[in-house]
Amino acid sequence: MSYNYSKPKLVQVGLVVKDLDKTMEQFRLLLGAEPNRVIEKSPSAPGRKYYLGEERDFYQRVALYEMNGIEFEILQPYNDRSALTDFLDEHGEGIHHVAFDTDNFDAFEKHLNENGVRLIQTGPNSRHPALKWGFFNTNDKLGTMIEVTNFEEVANIEAAGREKK
């Protein structure tokens with residue numbers, strides 16, 4: 001079945017680590033890179049978070065680096081079980097996901113589901129009420145997990161709202 005969405009755009013690479021401060025220092029030393037933003041507790045928005053279909057209380061500290069149009073995200077998970085903690089337990093530190101942005105999150109999710117890929121983690125987002133994110137287990141198909149976001153869809157919603165004014 002064909003769904004109405006544009007080809008997803010690569011927007012981020014996510015690295016999971018045990019010690020965010022130590023890794024940020026290595027980024028400074030080896031790459032001369034400073035984070036654009038550090039988030040002490042993400043997700044910060046109120047709302048339920050889910051991992052493998054169960055409500056969980058996971059959080060992570062995050063450092064975000066802008067690198068030539070691609071965001072590099074370093075995550076240190078804590079608290080409850082999540083895709084990030086399970087990755088650390090099973091693989092140690094390393095590249096956890098690549099993120100793609102879509103102009104129709106729901107349609108892209110249906111497309112992934114029809115191809116045997118399931119949403120395994122999601123939660124609230126404080127940036128915009130229509131903004132969604134989710135980790136999809138594509139490890140066996142792509143060699144890594146993917147994260148899907150819908151910044152483009154939100155931008156289209158915002159633009160349509162401005163046109164109506």
Side-chain angles (χ1 to χ4, degrees), residues 3-17 20-21 23-24 27 33-88 95-113 117-138 142 144-165:
Y3 294 104
N4 187 23
Y5 63 89
S6 298
K7 181 179 176 183
K9 177 184 173 190
L10 176 66
V11 293
Q12 181 189 78
V13 175
L15 175 73
V16 176
V17 299
L20 183 63
D21 293 320
T23 305
M24 287 191 309
F27 263 64
E34 294 289 340
N36 296 67
R37 186 165 62 136
V38 175
I39 305 167
E40 292 300 323
K41 186 177 181 183
S42 175
S44 59
R48 295 182 172 151
K49 300 177 290 269
Y50 294 93
Y51 177 53
L52 298 175
E54 295 181 15
E55 191 171 345
R56 297 286 184 180
D57 193 25
F58 56 80
Y59 294 98
Q60 52 270 338
R61 285 185 70 219
V62 181
L64 300 167
Y65 296 79
E66 183 61 35
M67 297 186 160
N68 297 317
I70 302 293
E71 186 174 69
F72 198 88
E73 178 181 48
I74 305 174
L75 306 116
Q76 176 188 332
Y78 63 95
N79 214 27
D80 208 348
R81 186 174 167 216
S82 69
L84 303 174
T85 59
D86 281 359
F87 182 89
L88 269 177
I95 300 294
H96 174 263
H97 67 271
V98 292
F100 295 90
D101 192 44
T102 180
D103 63 354
N104 189 331
F105 188 97
D106 294 338
F108 191 57
E109 180 179 10
K110 286 177 185 173
H111 165 74
L112 291 172
N113 288 172
V117 175
R118 299 285 175 253
L119 175 69
I120 64 163
Q121 183 170 309
T122 191
N125 192 294
S126 61
R127 295 184 192 184
H128 190 280
L131 189 61
K132 298 178 183 180
W133 68 274
F135 287 136
F136 289 82
N137 189 357
T138 53
L142 300 175
T144 191
M145 189 173 295
I146 65 170
E147 180 179 7
V148 176
T149 61
N150 67 332
F151 290 105
E152 186 175 345
E153 183 176 17
V154 169
N156 292 340
I157 291 167
E158 290 292 315
R162 286 190 297 275
E163 287 175 6
K164 289 181 181 180
K165 291 181 180 180

Exercise. Indicate yes or no for a side-chain donor-acceptor contact from Trp133 to the backbone of Gly123 under 3.5 Å, with no hydrogens or angles considered.
Key: yes
Quiz item: With a 4.5 Å limit on heavy-atom distance, are the side chains of Ile74 and Val62 in contact?
Solution: no
Quiz prompt | Check: Arg56 and Ser82 side chains under 4.5 Å, non-hydrogen atoms | solution = no
Quiz item: Would a distance-only check, ignoring hydrogens and angles, find a side-chain to backbone donor-acceptor pair under 3.5 Å from Asp101 to Glu152?
Solution: yes
Practice problem: For residues Phe72 and Phe27, establish whether the separation of their ring centroids is below 6.0 Å. | Solution: yes
Quiz item: Does a donor on one side chain and an acceptor on the other come within less than 3.5 Å for Thr102 and Asn150?
Solution: no
Self-check item: Gap separating the CD atom of Gln76 from the CE atom of Met24, nearest 0.5 angstrom
Solution: 9.0 Å
Quiz item: When rounded to the nearest 0.5 angstrom, what distance separates NZ in Lys49 from CG in Asn79?
Solution: 8.0 Å
Exercise. Return the orientation label for the His96 and Phe135 ring planes: parallel under 30°, perpendicular over 60°, tilted otherwise.
Key: perpendicular
Quiz item: When rounded to the nearest 0.5 angstrom, what distance separates CZ in Phe136 from CG in Leu142?
Solution: 12.5 Å
Quiz item: Less than 4.5 Å apart, any side-chain heavy atom of Gln12 and any of Glu147?
Solution: yes
Quiz prompt | Tyr51 and Phe58 aromatic centres sub-6.0 Å | solution = no
Self-check item: Min side-chain heavy-atom separation Leu119-Glu109 under 4.5 Å
Solution: yes
Quiz item: Strictly under 6.0 Å, is that where the ring centroids of Phe87 and His97 end up?
Solution: no
Quiz prompt | Whether Asp57 side chain and Asp80 backbone form a donor-acceptor pair below 3.5 Å | solution = no
Quiz prompt | Validation row: His128, Glu158 side chains within 4.5 angstrom (heavy atoms) | solution = yes
Quiz item: Does the side chain of Asp106 come within less than 4.5 Å of Asn104's, by heavy atoms?
Solution: yes
Quiz item: Quick one: are Arg81 and Asp86 in side-chain contact, heavy atoms under 4.5 Å?
Solution: yes
